[in-house]
Amino acid sequence: MFTPVGGKLDPNETPYAAAIRETREETGIEVEEMKFCGILTESLVYNWTLYVYLAEIDDMEPPKCDEGTLEWVGYDDILNIPTPPTDWFVYKYALESKPFALSAEVDENFSLVSMVEEFEGISLTLPE
C-alpha cells in the first residue's frame, strides 16, 4: 500500500511548516518551498484533517527511511498504485493542478463510505 509522507502538527506550528518538517524527518529530504494543493477531511470513526502540499524534488535515489520503503512513482503511474481510496482522489486533483476541499466518510474498516468535493459540491466515486 502506498501512502504519501505526512504527520501531525506540533504545537503552534503551521500546516506549511509541518509539511516541510515532516518531509525532512521522514525522508531526510530538505525542501525549501511547497505548493498548497487542498484539504482532505475524513470523519465517521475518527476526525482527521489533512493539508496537502507538493514539492519539487531533484532527481535522486529514494533515501532510506524509518517509516517504510520510499519509492518514486511517476505521474503516469500514480493513479494505478495500491493506495487508500481517499488518497486516490487527492492524487487525481493534485495531478490536475486543481484545488480541492475533499470531505470523506469512512467506516470502522477505513472503507470509503462517501466522498464530496466541497468547492464543486459534487459526490465522487472511484473508477471501476
Side-chain angles (χ1 to χ4, degrees):
M1 183 72 63
F2 287 80
T3 60
V5 172
K8 296 181 176 66
L9 296 173
D10 284 344
N12 302 313
E13 186 176 41
T14 65
Y16 182 83
I20 290 174
R21 177 185 53 77
E22 287 288 347
T23 301
R24 182 184 65 255
E25 288 179 1
E26 292 190 8
T27 70
I29 298 171
E30 296 281 346
V31 295
E32 294 186 16
E33 64 180 55
M34 293 186 148
K35 177 186 171 203
F36 178 71
C37 296
I39 295 174
L40 166 64
T41 302
E42 296 179 7
S43 60
L44 198 56
V45 174
Y46 63 95
N47 289 317
W48 182 265
T49 299
L50 297 92
Y51 294 82
V52 180
Y53 293 86
L54 286 178
E56 292 289 327
I57 297 173
D58 293 333
D59 188 21
M60 66 175 76
E61 285 294 315
K64 298 217 181 299
C65 174
D66 293 339
E67 301 280 332
T69 302
L70 295 178
E71 184 177 329
W72 299 125
V73 177
Y75 285 117
D76 293 341
D77 298 324
I78 201 161
L79 294 179
N80 299 316
I81 60 173
T83 189
T86 52
D87 292 359
W88 187 90
F89 290 104
V90 167
Y91 300 150
K92 182 175 183 340
Y93 275 82
L95 285 169
E96 294 173 354
S97 296
K98 194 172 181 181
F100 57 86
L102 299 170
S103 180
E105 291 185 15
V106 296
D107 65 18
E108 60 278 350
N109 297 314
F110 300 101
S111 296
L112 186 61
V113 174
S114 69
M115 175 73 83
V116 174
E117 202 300 310
E118 300 288 349
F119 289 140
E120 298 176 291
I122 58 172
S123 293
L124 303 172
T125 55
L126 287 167
E128 299 276 332

Side chains of Pro99 and Phe119: does their closest heavy-atom pair fall under 4.5 Å? yes
Out of Leu40, Leu126, Val106, Ile122, which one pairs with Met115 under the side-chain contact (heavy atoms from CB on, under 4.5 Å) rule? Leu40
Can you pull out every side chain to side chain donor-acceptor pair (under 3.5 Å) where at least one residue sits in residues 81-94? Sequence neighbours excluded, please. Glu42-Thr86, Lys92-Glu96, Tyr93-Glu120
Nearest non-hydrogen partners of Tyr51 and Phe36, listed with the distance: CD2-CE1, 4.1 Å
Would a distance-only check, ignoring hydrogens and angles, find a side-chain to backbone donor-acceptor pair under 3.5 Å from Trp72 to Met60? yes
Same cluster for Leu50 and Leu124 if Ile/Leu/Val/Met/Phe/Trp/Tyr side chains link at under 4.5 Å? yes
To the nearest 0.5 Å, how far apart are CH2 in Trp48 and OG1 in Thr41? 12.0 Å
Only pairs under 3.5 Å count here: list side-chain donor-acceptor contacts from residues 12-24, not counting sequence neighbours, and write none if there are none.
residue	atom	partner	partner atom	Å
Glu13	OE1	Asp10	N	2.7
Glu13	OE1	Arg21	NE	3.3
Glu13	OE1	Arg21	NH2	2.8
Glu13	OE2	Arg21	NE	2.8
Thr14	OG1	Ala17	N	3.0
Tyr16	OH	Met34	N	3.1
Arg21	NE	Asp10	OD2	3.3
Arg21	NH1	Glu25	OE1	3.0
Arg21	NH1	Glu25	OE2	3.4
Arg21	NH2	Lys8	O	2.8
Thr23	OG1	Ala19	O	2.8

Quick one: CD1 on Ile29 to SG on Cys65, what's the gap to the nearest 0.5 Å? 9.5 Å
Do Leu79 and Leu54 land in one hydrophobic cluster if side-chain heavy atoms of ILVMFWY residues count as linked below 4.5 Å? no
Under a 4.5 Å side-chain heavy-atom rule over Ile, Leu, Val, Met, Phe, Trp and Tyr, are Val5 and Tyr53 clustered together? no
May I ask you to decide if Asn109's main-chain N or O and Asp107's side chain share a donor-acceptor pair within less than 3.5 Å? yes
Keeping to residues at least two apart or across chains, list the salt bridge (Lys or Arg N to Asp or Glu O under 4.0 Å) pairs with something in residues 71-81. none
Can you tell me how far the CG atom of Leu102 sits from the CZ atom of Phe89, to the nearest 0.5 Å? 8.0 Å
Can you tell me how far apart CG (Leu95) and SG (Cys37) are? Round to the nearest 0.5 Å. 9.5 Å
Checking the side chain of Glu117 only, and the main-chain atoms of Ala101 only, is there a donor and an acceptor separated by less than 3.5 Å? yes
Look at the side-chain heavy atoms of Ile, Leu, Val, Met, Phe, Trp and Tyr, link any pair under 4.5 Å apart, and say whether Phe2 and Val90 land in one connected group. yes
